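A quick write-up on the structure given underneath.
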Amino acid sequence: MVSRHWQILVALAFMTVRTSVFGYGQDGHEIVGAIADELIKNTPAGKKIYALTDGITLRKAAFIPDEIKAWDKNGVDDPNAYPHYSDHPKIDSQLRDFWRANPPTPDPASPVPSHHWFHYTDVPILNVHKYSDGKTGRTQWDIVHMISYCVDVLRGEVPENNPRKITKSVAVILVAHYVGDIHQPLHVGAEYFNQAGQAVDPDANQPGTEDEGGNTIILRLTHGAPDSSGHKGGLKLHGYWDNDAVLANFPLISASASKEERIQTLKRDDKEMVAKLAKEQPANFREPSGVTLKKYPEMWADEILPIARKAHQRLHFVYMHPTVDQGRNVIAGDARENPPADGVFYADWAARTVRVELHKAGWRLADLLSQALEATPINSSAAIATPEPIVGSPEKNEETPRPAPTAEAQSNAAAPAPANPPPGSDFGRYPDNYKEVIVTWLRKYGLDASRIDWQSEPKPAEMPNGSGQRLSGYLVIFNTPSYEQMRTRSVLIRDGVVVVNNGF
């Protein structure tokens, strides 16, 4: 049953542009940002990120791009305009410059993009496409392109004084939000209908009008339907995914609870969810080794398009008709729940799907920002906390001359043990296949194994893991690429398993 929570929503009245750009509601975006905050805590990347945001957490930053849409009503120069970030004047000024460079417009052909366009793409989902397989619904200013643009700014490949006025600080704030948006299925895929109300594929030469990611569709569920009394004009399909499907992941709150009790309960539940999701690495959250950061958003879009299709397939659409909404030609109608073939009602399926996507979005946000600023994946030690044996060939690796390890590499070794451990010493078996072990380990976790300069053969040593526990094994020091230069790394191998890593 979908829970009924009181939540604080920013008043965004008199909007003259598509409302589906609000992505996950405040709760969803804050969960994504908070997971990332946990993952970058006390890391070099975290220090750089918070320096750019002037101490604003990713939890807070993740909702700012929706918050500043309130400026659309009276303009950004209104001295009483909400929001304002007086505690962060530099950030406040840069956000206002960003708004001025990308003002809202109802003209889809405007040469100056609206900042609203940056939050979504509308790929047809009747036949599952990849983002690159067609043109309908994609633009140079959609979410796929804008995440890549922000990454280029963070890596210095696009100057901060660019036409979009996206500085590095603004880029962090935008990415914190857009990564959440691109994991909301209806921010990526849309259904298109012809004049008779039938679903069509415009990329297959079947002209149709889109449902704007479900924003023009009234959702009517037969099971687990939330109280729609607070939804003026009915519950929109898009809005359901933004808010109700997120809140459905929290325990029910008693209807007799006071407003303050509801707020405190929701805060507690939110904190517990974030802590849990930050500790559990989601399956397949990292892209394969060799995929550039700029390609990440396109791959994320491709991954979520089938989910956007299912979000429509599990419904049937009635009374579909063309209409005009605020000067735009749109298709409108009702969406009703189909009997579930898998026995899972729409509300339950949507809630589970959203939880998975919020989880991945939080980890991917931390990873993307970390790589953009550090050129190494986020929280490598945590991501590989559970080692797995790597079975290698029994032959000893070929001997080759190697330079002496650097001072930095030697310092990473912590407490070396004797070069030849005495009989019965507890360092595990000698890793004859250490090169194969390390290459396989690097590739498994999406780390760059394209070039490895070996600095030392395995030496018995002790090193602390991420929890401060000292482990014994065989230390190997080597260099691998790090953005523009080679960087010294070290790993501790015990019984064919990498148990500690340093320098990543």
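A quick note: this is a predicted structure, and the numbers were derived from the prediction, not measured.
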For S148, check side-chain contact (heavy atoms from CB on, under 4.5 Å) against everything at least two apart and list the hits.
K294, P297
In terms of heavy-atom contacts, A361 and G180 come closest through CB-CA, 4.4 Å
Counting distance only, does the side-chain N/O of H321 pair as donor-acceptor with the main-chain N or O of A332 below 3.5 Å?
yes
Could you tell me whether K236 and E212 have a side-chain N and a carboxylate O separated by less than 4.0 Å?
no
Looking only at non-hydrogen atoms, find the nearest pair between W349 and A311 and report the distance.
CH2-N, 3.6 Å
Do F317 and H312 make the cut of ring centroids closer than 6.0 angstrom?
yes
Are the side chain of N102 and the backbone of F98 linked by a donor-acceptor contact shorter than 3.5 Å?
yes
Between OG1 of T121 and CE of M146, what distance do you get to the nearest 0.5 Å?
13.0 Å
Got R314 and D342 here, is their nearest side-chain heavy-atom distance under 4.5 Å?
yes
Got a sec: does the CG of D107 have more than 12 other heavy atoms crowding it under 6.0 Å?
yes
Listed partners of D77 passing side chain to side chain donor-acceptor pair (under 3.5 Å), at least two apart:
R100
Quick check: closest heavy atoms across L39 and T43, and the distance to 0.1 Å?
O-CG2, 3.9 Å
Under a plain distance cut-off of 3.5 Å, with no hydrogens placed, do Y131 and D142 share a side-chain donor-acceptor pair?
yes
Heavy atoms, side chains only, cut-off 4.5 Å: are T53 and H88 in contact?
no
Tightest non-hydrogen contact, residues P124 and P202, listed as CG-CG, 3.7 Å
What are the two closest heavy atoms between P108 and P106, and how far apart are they?
CD-O, 3.1 Å
Hey, can you tell me if H119 and H116 have their rings parallel, tilted or perpendicular (30° and 60° cut-offs)?
tilted
Given the rule in the side-chain contact (heavy atoms from CB on, under 4.5 Å) test, do D242 and Q184 qualify, once you have shown the distances and angles that lead to the verdict?
CA-CA 8 Å; D242 282 351; Q184 206 275 49; 2.7 Å; yes
Looking at every non-hydrogen atom in both residues, tell me the closest pair between E210 and A190 and how far apart they are.
OE1-CB, 4.1 Å
Within the side chain of H115, is there an N or O that forms a donor-acceptor pair under 3.5 Å with the backbone of W99?
no
Heavy-atom donor-acceptor pair, R309 side chain to L126 backbone, under 3.5 Å:
yes
Parallel, tilted or perpendicular for Y346 and Y240, by the 30°/60° rule?
tilted
Euclidean distance, K90 NZ relative to L52 CG, rounded to 0.5 Å
8.5 Å
Between Y178 and F118, what is the ring plane arrangement, given parallel below 30°, perpendicular above 60°, and tilted in between?
perpendicular
Do side-chain atoms of H223 reach the backbone of F345 as a donor and acceptor pair under 3.5 angstrom?
no
Measure centre to centre between the rings of H29 and H177, then say whether the value is under 6.0 Å.
yes
H183 side chain vs V179 backbone, donor-acceptor pair below 3.5 Å
yes
Where do R96 and D92 land on the salt bridge (Lys or Arg N to Asp or Glu O under 4.0 Å) test, with the steps shown first?
CA-CA 6 Å; R96 292 173 191 273; D92 186 272; 2.6 Å; yes
Please check if the side chain of N162 supplies one atom and the backbone of I166 the other of a donor-acceptor pair under 3.5 Å.
yes
Would you compute the distance between atom CD1 of I40 and atom NZ of K48 and round it to the nearest 0.5 angstrom?
12.5 Å
Classify the side-chain pair Y50/D37 by whether it contains a donor and acceptor separated by less than 3.5 Å.
yes
Enter the distance from K276:NZ to E272:CD here, rounded to the nearest 0.5 Å.
10.5 Å
Step by step, work out the salt bridge (Lys or Arg N to Asp or Glu O under 4.0 Å) result for D203 and R138.
CA-CA 11 Å; D203 277 338; R138 300 84 151 173; 2.7 Å; yes
Strictly distance-based, threshold 3.5 Å: is any side-chain N or O of T167 a donor or acceptor partner for the main-chain N or O of E160?
no
For the backbone of F285 and the side chain of R364, can you confirm whether one donor and one acceptor N or O come within less than 3.5 Å of each other?
yes
Should the pair W300 and Y296 be assigned to parallel (<30°), tilted (30 to 60°) or perpendicular (>60°) ring geometry?
tilted
Sub-3.5 Å donor-acceptor pair from the side chain of D66 to the main-chain atoms of F63, do we have one?
no
L58/L369 under side-chain contact (heavy atoms from CB on, under 4.5 Å): CA gap, chis, key distance, verdict:
CA-CA 11 Å; L58 294 178; L369 289 176; 4.0 Å; yes
Validation row: D181, Y120 side chains within 4.5 angstrom (heavy atoms):
no
Mind checking whether Y85 and E67 have side chains closer than 4.5 Å, heavy atoms only?
yes
Contact list for residues 330-340, test side chain to side chain donor-acceptor pair (under 3.5 Å), sequence neighbours left out
R220-D334, T222-E337, H316-N338
To the nearest 0.5 Å, what is the distance between CG on N249 and OG1 on T353?
9.5 Å
So how far is it from Q371 CD to L154 CG, rounded to the nearest 0.5 Å?
12.5 Å
